[in-house]
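Reminder, nothing fancy here: chain letters follow the sequence lines and each chain counts from 1.
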Amino acid sequence: MSEAQIRNLEEIFEQRIARDEKIEPKDWMPEKYRQTHIRQISQHAHSEIVGMLPEGNWISRAPSLRRKVALLAKVQDEAGHGLYLYSACETLGISRNELYDQLHSGKAKYSSIFNYPTITWADIGAIGWLVDGAAIINQVPLCNTSYGPYARAMIRVCKEESFHQRQGYEIMMTLCKGTPEQKEMAQDALNRWWWPSMMMFGPTDDMSTHTEQSMKWKLKRKTNDELRQQFVDQTAPQADLLGITIPDPELEWNEEKGHYDFGEIDWDEFWQVVKGHGPCNKERLSARVNAWEEGEWVRDAAMAYAKKQQDKKLQNVG
Amino acid sequence: MSEAQIRNLEEIFEQRIARDEKIEPKDWMPEKYRQTHIRQISQHAHSEIVGMLPEGNWISRAPSLRRKVALLAKVQDEAGHGLYLYSACETLGISRNELYDQLHSGKAKYSSIFNYPTITWADIGAIGWLVDGAAIINQVPLCNTSYGPYARAMIRVCKEESFHQRQGYEIMMTLCKGTPEQKEMAQDALNRWWWPSMMMFGPTDDMSTHTEQSMKWKLKRKTNDELRQQFVDQTAPQADLLGITIPDPELEWNEEKGHYDFGEIDWDEFWQVVKGHGPCNKERLSARVNAWEEGEWVRDAAMAYAKKQQDKKLQNVG
Amino acid sequence: MEKKNLVQYIYGIADNALILGQRLSELCGHGPSLETDIALTNISLDLLGQTRSYYQYVALLEGEGKTEDDIAFLRTERQYKSVLLVEQPNTDFAYVITRQFLFDAFHLALLEKLQHSKDDTLNAIARKAIKEVSYHLRFSGDWVKRLGDGTDISKQKVQEAVNMLWTYTDELFHLTEADSEAVAEGIGVDVSQLKEDYYGKVKELLEEATLEIPESKYFQKGGKQGIHTEHMGYLLADLQYMQRAYPNMKW
Amino acid sequence: MEKKNLVQYIYGIADNALILGQRLSELCGHGPSLETDIALTNISLDLLGQTRSYYQYVALLEGEGKTEDDIAFLRTERQYKSVLLVEQPNTDFAYVITRQFLFDAFHLALLEKLQHSKDDTLNAIARKAIKEVSYHLRFSGDWVKRLGDGTDISKQKVQEAVNMLWTYTDELFHLTEADSEAVAEGIGVDVSQLKEDYYGKVKELLEEATLEIPESKYFQKGGKQGIHTEHMGYLLADLQYMQRAYPNMKW
């Protein structure tokens with residue numbers, strides 16, 4: 001194709017996006033669009049899969065059968081989200097194995113929040129309430145993103161996430177209405193998960209890159225700081241309702257702005273975790289790598305068996 | 001050597017034993033004496049080592065610090081007994097590695113009692129009381145056995161075993177004086193360990209082989225049935241003192257004989273376990289094999305390091 | 001039937017579901033592929049769902065304000081009446097699948113009888129569970145075939161698992177006192193009657209999977225009397241941790 | 001010094017001994033040789049012995065009929081103030097030895113100061129423990145050298161363990177509030193002062209063992225505030241099992 005032709009295609013493409021038309025796998029798309037989407041969708045998929053681990057840590061010790069079943073189902077949903085998202089990503093011409101390789105080699109990122117440990121049962125509540133809460137704020141706009149398979153996956157993901165978020169909040173509510181020991185457990189979980197959740201929206205706008213392009217492609221509709229503000233505004237009253245305190249002395253309602261003011265994030269901690277030195281980065285990655293490596297013989301067996309069955313069929317036909 | 005010479009040596013040898021003289025490693029001894037002793041001493045050593053496993057199972061869950069320390073020390077003593085006994089066995093011209101190979105390949109036996117699981121804390125008491133009790137009855141006569149290194153090892157072993165036995169009995173006593181739940185736990189442990197302990201004396205005399213020869217060499221001084229009777233006579237009053245009931249409806253004091261009568265052992269169970277099909281045979285052996293195989297690189301490293309140090313020394317001398 | 005015996009009879013069924021459900025739940029997030037991870041979690045969810053139905057019934061029978069959680073979490077090891085098979089550890093995927101297959105084949109046969117129990121709660125639970133367990137058996141059976149007739153490595157691994165776990169199958173067919181009484185009253189299933197058909201079907205599938213049938217004369221037992229393997233204590237330490245550490249709280 | 005703070009100060013020392021003693025005790029019967037098995041058990045016994053001395057003192061301070069076992073077994077995870085290093089799992093012998101060495105070097109330095117504490121119970125415990133811990137350090141240091149300068153495999157394994165566990169060393173030298181107060185009163189040791197000498201000695205031995213010194217800028221912390229790794233919960237589930245399942249009994 002000539003450069004002119006490509007420019008023409010790009011123009012048509014940008015117009016389609018501007019008209020809110022969905023881009024589908026077989027449609028022409030700029031290489032950068034493809035690469036950006038592979039990066040973002042796969043990061044999102046990896047986050048779902050790695051996100052199974054901190055919550056999975058409490059399945060065997062859940063305090064009631066009802067909670068055990070709910071947690072197990074929730075973690076399973078995350079595996080399901082991983083599946084849709086990997087499939088969406090595969091439509092962009094990359095295989096699942098390549099995506100796994102990127103994760104296992106440390107080349108691909110996943111959400112840093114999952115590098116914190118779950119150390120009490122209340123953490124399961126806090127993750128549902130805060131982490132899923134933050135995730136939804138990040139993700140809801142993606143239900144209208146330009147790439148069709150991603151948008152459709154996100155609709156399903158968001159529906160389930162908001163169920164998870166309510167479930168998490170309900171765990172917190174039960175603890176806060178429980179014994180003093182339980183309420184203390186809830187407060188402690190909020191203390192530990194608040195700032196990492198705030199970090200889920202990424203660097204402040206002045207530090208953030210790629211935003212303009214992402215806005216255009218509807219991979220992003222609001223800036224990091226806007227989303228973070230939305231999270232604070234949504235969560236602060238919920239904490240009040242629970243009767244526990246967000247660990248930020250600067251948190252205060254600003255009547256004038258119509259928003260909460262809040263304190264500064266510890267960006268050193270943010271970058272430490274992003275760079276792979278959080279409390280559980282090594283454990284999370286090695287859990288995934290181990291599962292994958294120990295599963296190799298199983299996947300090989302399934303392939304070998306399928307081939308044998310296929311050969312038999314062909315033989316019967318022939 | 002001519003046959004006559006050998007007969008002569010054998011005669012002198014038998015006379016020495018008859019005079020209660022100790023046979024020492026450098027002394028001449030009949031090949032059968034050597035082989036029999038290798039078999040018995042190594043079985044005994046293996047039993048100490050495998051015997052660490054069922055009790056080791058409760059170290060991490062011991063109910064008090066005092067009990068945890070005592071149990072840990074006890075299991076350590078067993079490792080120590082294993083060490084003396086392997087050393088005694090090595091004086092007969094077999095290496096420790098060969099002995100381990102025999103254990104790991106299933107060629108060598110160890111005491112069947114250790115193929116039963118420890119499923120409650122009371123089992124730790126019952127093992128001390130019953131299993132160590134039975135072991136002492138089997139072992140005390142060996143302090144005067146004819147082979148010097150074995151006899152000396154046994155003196156030390158027996159001293160420690162009788163300490164363990166008292167400790168086990170004291171665990172049982174504490175449980176029996178405790179809550180009804182604790183007493184039930186003690187009774188349950190007695191129910192499960194009684195018959196396996198009775199089996200520790202081996203088949204009945206009419207079924208037992210090698211006894212005559214072993215008697216002559218002082219590897220044995222009483223028959224299986226005599227020792228078993230001694231165990232019952234010693235243990236039944238102890239159970240009364242604890243206030244728990246030995247699970248044998250036929251157990252009864254026989255005034256005339258001056259001994260307790262008791263019921264029939266389930267010999268099918270006995271042989272099932274001896275043949276390798278007890279509740280934990282596979283687990284015990286694979287725990288030992290795993291420890292050994294996983295430790296190979298460590299032992300290799302120690303050897304390589306020692307050699308390097310040796311070489312350095314030689315270089316400095318040269 | 002005496003309430004106490006009925007409760008014991010239910011434990012003999014329900015505890016298997018709890019313990020196997022717990023074992024499978026330990027694997028969540030660590031499977032060889034997302035698809036098997038999801039499938040095994042589904043099985044775990046089904047089993048834990050069944051567990052809840054049974055224990056809710058037990059709680060009702062026992063009264064005194066007992067809940068399903070008291071029953072699940074606050075018994076001593078000796079009071080759990082699950083068979084030894086289900087508590088065996090997740091050694092590797094071959095063990096997980098083989099344990100599942102050997103249990104599913106029994107479980108389905110049991111439920112097919114239990115749906116005709118004179119006890120309406122039990123027969124209702126059974127009818128619902130049959131659909132779930134039919135799926136479990138199809139899944140585990142298919143995987144036994146894949147592993148058996150897959151690669152040399154997978155064949156070796158699954159054969160080892162079959163050989164090891166085989167010794168725990170006989171116990172499935174032992175009748176406890178509670179069983180006998182429940183059978184006599186038309187409430188319980190005579191599991192000893194399921195044995196022949198079970199081994200027939202299991203062997204047929206193992207043969208299809210090109211595996212050898214173990215020829216063990218010796219079997220393990222004890223779970224039905226609450227005498228478990230040494231694996232059980234550690235499983236319970238985790239299972240019961242929260243309920244034991246924070247007694248009498250709502251979650 | 002306020003009693004509550006003194007108790008917290010003691011936890012900061014004693015909990016390390018408990019948790020590391022527990023970790024080592026898990027290995028009993030599974031070591032690479034009888035000799036190492038016995039030696040590691042000895043270290044575990046020493047540490048648990050020290051734990052008892054500290055906790056008996058805490059029990060005395062707290063009064064109200066508390067026992068050493070209440071303190072050892074009946075706290076919540078967040079109340080254990082051990083450093084993250086000691087709860088790290090027994091991944092393999094290289095991890096076990098490296099964890100031990102990195103802790104022993106600190107432990108000995110701590111005790112050498114603690115023996116001059118104004119608190120007579122603490123200085124007495126320290127004096128007794130110094131002899132034990134000197135032996136521990138010799139043992140673990142010797143093994144680091146054997147593994148480092150042994151075979152290629154052992155070097156690789158111990159280097160990996162050093163790299164992984166190194167990130168937990170910095171926390172050893174953090175001062176908690178209870179520490180600062182105890183230091184001010186001449187009771188406690190200013191661990192931040194031990195840091196330079198520690199890294200000097202540790203690096204010297206690692207070099208002798210032909211190992212590379214990790215160049216990590218990032219370290220983990222939290223244990224001293226009771227924020228542990230995910231390994232701790234499982235360790236406690238076993239450690240506390242009996243006391244939790246059978247409360248208020250004598251053993």
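Taking a 6.0 Å sphere around CD of D/Gln156, one finds it holds 12 or fewer heavy atoms contributed by other residues, nucleotides or ligands. Residue-environment remark: CG (B/Asp311) exceeds the threshold of 12 foreign heavy atoms within 6.0 Å. Heavy atoms of other residues, nucleotides or ligands lying less than 6.0 angstrom from CD of D/Gln79 number more than 12.
Put simply, OG on D/Ser33 and CH2 on B/Trp292 are 7.5 Å apart, with the number rounded to the nearest 0.5 Å. Atom NZ of B/Lys74 is separated from atom SG of D/Cys28 by 11.5 Å, given to the nearest 0.5 angstrom. To the nearest 0.5 angstrom, D/Tyr241 atom OH is 7.0 Å from B/Arg61 atom CZ. Note that OG1 of D/Thr151 is 8.0 Å distant from NZ of B/Lys308, once rounded to the nearest 0.5 Å. Residue B/Ile59 holds its CD1 atom at 12.5 Å from CG of D/Asp238, rounded to the nearest 0.5 Å.
Between D/Phe93 and B/Trp297, the ring planes are perpendicular. Angles over 60° get that label, and only those under 30° would be called parallel.
Within residues 155-186 of chain B, the residues having any heavy atom closer than 4.5 Å to a heavy atom of chain D are B/Thr174, B/Leu175, B/Thr179, B/Glu181, B/Gln182, B/Met185, listed by residue number. Chain B is approached within less than 4.5 Å, heavy atom to heavy atom, by D/Leu18, D/Gln22, D/Ser25 from residues 9-25 of chain D, ordered by number.
Interface summary for chain B: among D/Lys155, D/Glu26, D/Arg244, D/Glu35, the most heavy-atom pairs under 4.5 angstrom belong to D/Glu35. When each of B/Arg67, B/Glu293, B/Glu55, B/Met303 is scored by its heavy-atom pairs under 4.5 Å with chain D, the top score falls to B/Arg67. The most heavy-atom pairs under 4.5 Å with chain D, out of B/Gly125, B/Pro63, B/Ala79, come from B/Pro63. The residue among D/Leu239, D/Leu34, D/Val158, D/Thr41 with the most heavy atom pairs within less than 4.5 Å of chain B is D/Leu34. Chain D forms the most heavy-atom pairs under 4.5 Å with one residue out of B/Gly80, B/Gly82, B/Ala73, B/Ala287, and that residue is B/Ala73. Each of B/Ala302, B/Ala306, B/Ser60 has some count of heavy-atom pairs under 4.5 Å with chain D, and the biggest count is that of B/Ser60. Among the candidates D/Gln240, D/Lys145, D/Gln243, the residue making the largest number of heavy-atom pairs closer than 4.5 Å to chain B is D/Lys145. Most heavy-atom pairs under 4.5 Å with chain B, from the set D/Leu27, D/Leu48, D/Asn248: that is D/Leu48. Interface remark: of the candidates B/Leu83, B/Leu53, B/Thr120, B/Leu83 forms the most heavy-atom pairs closer than 4.5 Å to chain D.
Considering every non-hydrogen atom in both B/Leu65 and D/Asp69, the closest pair reads N-OD1, 2.8 Å. The two residues B/Ser64 and D/Phe73 come nearest to each other via the heavy atoms CA-CE1, 3.5 Å.
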Practice task
Take D/Arg52 and B/Val69 through the side chain to side chain contact (heavy atoms under 4.5 Å, CB included) test and state the conclusion after the steps.
Solution key: CA-CA 10 Å; D/Arg52 293 186 67 192; B/Val69 166; 4.3 Å; yes

Practice task
Determine, step by step, whether B/Val298 and D/Lys157 satisfy the side chain to side chain contact (heavy atoms under 4.5 Å, CB included) criterion, reporting the C-alpha distance in whole Å, the side-chain angles of both residues, the deciding distance to 0.1 Å, and the verdict.
Solution key: CA-CA 10 Å; B/Val298 177; D/Lys157 282 181 185 279; over 6 Å; no

Handout entry: Stepwise side chain to side chain contact (heavy atoms under 4.5 Å, CB included) check, D/Met242 with B/Trp58
Key = CA-CA 10 Å; D/Met242 287 297 291; B/Trp58 278 89; 3.8 Å; yes

Exercise for the section: List the steps, then state whether side chain to side chain contact (heavy atoms under 4.5 Å, CB included) holds for D/Ile153 with B/Asp300. Expected result: CA-CA 9 Å; D/Ile153 294 174; B/Asp300 290 348; over 6 Å; no

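Neither the backbone nor the side chain of B/Leu71 comes within contact range of chain D; no heavy atoms are under 4.5 Å apart. In this structure, no portion of D/Ala237 lies under 4.5 Å from any heavy atom of chain B. Contacts of B/Arg96 with chain D are made by side-chain atoms alone, with heavy-atom separations under 4.5 Å and no backbone atom involved. At a 4.5 Å heavy-atom cutoff, the contact between B/Ala62 and chain D is made by backbone atoms alone. Residue contact with chain D, scored on non-hydrogen atoms closer than 4.5 Å, is absent for B/Lys307.
Side chain of B/Arg299 to backbone of D/Pro32: a donor-acceptor contact under 3.5 angstrom is found. Side-chain N or O atoms of B/Arg288 include one that pairs as donor or acceptor with a backbone N or O of D/Gly29 at under 3.5 Å.
A 4.5 Å side-chain heavy-atom check between B/Gln76 and D/Leu45 finds at least one atom pair inside the cut-off. The shortest side-chain heavy-atom distance between B/Met52 and D/Asp37 falls under the 4.5 Å cut-off.
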